[in-house]
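Take a look at the structure set out below.
Counting starts at 1 for both ligands and their atoms, in listed order. We're numbering straight along the sequence, starting at 1.
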Amino acid sequence: MARKIAAGNWKMNGTGAALAELDSLTQDPVPDGVDVLICPPAPLISRAAAVAGAVKIGAQDCHAKSSGAHTGDISADMLRDAGASYVILGHSERRSDHAETDAQVCAKTQAAVDAGLIAVVCIGETLDERNAGQTLEIVCGQLAASLPDTATSATCVVAYEPIWAIGTGKVPTLEQISEVHDALRAALVERFGDDGLQFSLLYGGSVKASNAVDIFGVPNVDGALVGGASLKAADFSPIIAALAAA
Ligand code: 13P
């Protein structure tokens, strides 16, 4: 069984005051069998890690090199040293804002794993690609090219985030989510054998308390990568509870 993960991606939101939300999240025990992860902006990682308790802390990107002349970038080693245990890689906002390619995401994933971080590798289609019937081809292609051969279920998590569902309030149907997650599972098993069954497959894109129960009922959905609804503990807690109950 893949482990269940409720992951919050705060994106470029929050200063120190936002740590009150993390503090509030830690008031409830983390349910058995669920990893709860918050990925705040990089400047908050060490302060977040200091108050996170059983909640895991992650970053939102890392550089593929471990050090060097890369002004403004942050290495996986630095993130780990700051208290992160996970890092989101290849988010569609990084792919679009910074023109990140699958090959770069793959190199970053290897760097993250080498540094002892768990990589949450994001993939997802645009609405045009979905409308053109290319969804499975696109996401399976991204999966193949973004995960290094060294990936294992212990070191990498896959997040399917249809770009048209991110921050829009639009969510694919449960059948659409199921079709993609089944295809990703099959691709992971084909490439990694039995370990492919153990990779956690997260769904992301407009997940809220009101749709989480249904989404977590879809086979091969092992959790969620949540944006907006992870910013407030009151919104994120019911999503964690829904995953624990799934
Ligand atoms: P929303 O939950 O705000 O749609 O964001 C999803 C996402 O991009 C998480 O990485």
### Task
Please indicate whether any nitrogen or oxygen in Gly228 is less than 3.5 Å from any nitrogen or oxygen in ligand 1.
yes

### Task
May I ask you to say whether Arg94 pairs ionically with Asp61, meaning some side-chain N is under 4.0 Å from a carboxylate O?
yes

### Query
Any chance the side chains of Tyr160 and Glu125 put a donor and an acceptor closer than 3.5 Å?
yes

### Query
For ligand 1, which atoms have a heavy atom of Leu225 less than 4.0 angstrom away?
9 (C), 10 (O)

### Top protein contact for atom 2 (O) of ligand 1, by heavy-atom distance
Gly227 N, 2.8 Å

### Task
Give the numbers and elements of all ligand 1 atoms closer than 4.0 Å to a heavy atom of Gly205.
4 (O), 6 (C)

### Summary
Tightest non-hydrogen contact, residues Phe199 and Thr152, listed as CZ-C, 3.4 Å

### Message
Any heavy-atom pair between the side chains of Ile38 and Phe236 that's under 4.5 Å?
### Response
yes

### Message
Tell me the contacting part of Asn9 for ligand 1: side chain, backbone, both, or neither, using a 4.0 Å heavy-atom threshold, strictly below.
### Response
side chain

### Query
Quick one: do Arg191 and Asp149 make a salt bridge, cutoff under 4.0 Å?
yes

#### Entry: Note: Lys4-Asp32 ion pair, threshold 4.0 Å (strictly below)
no

### Message
In this structure, does ligand 1 have an atom that sits under 4.0 Å from one of the heavy atoms of Ser206?
### Response
yes

### Query
Looking only at distance, does Lys11 have an N or O less than 3.5 Å from an N or O of ligand 1?
yes

### Query
Which residue and non-hydrogen atom of the protein lie closest to atom 9 (C) of ligand 1, and at what distance in Å?
Glu161 OE2, 2.9 Å

### Query
If you measure every N/O of Gly167 against every N/O of ligand 1, is any gap under 3.5 Å?
yes

### Query
Do Leu89 and Cys122 come within less than 4.5 Å of each other through their side chains, counting heavy atoms only?
no

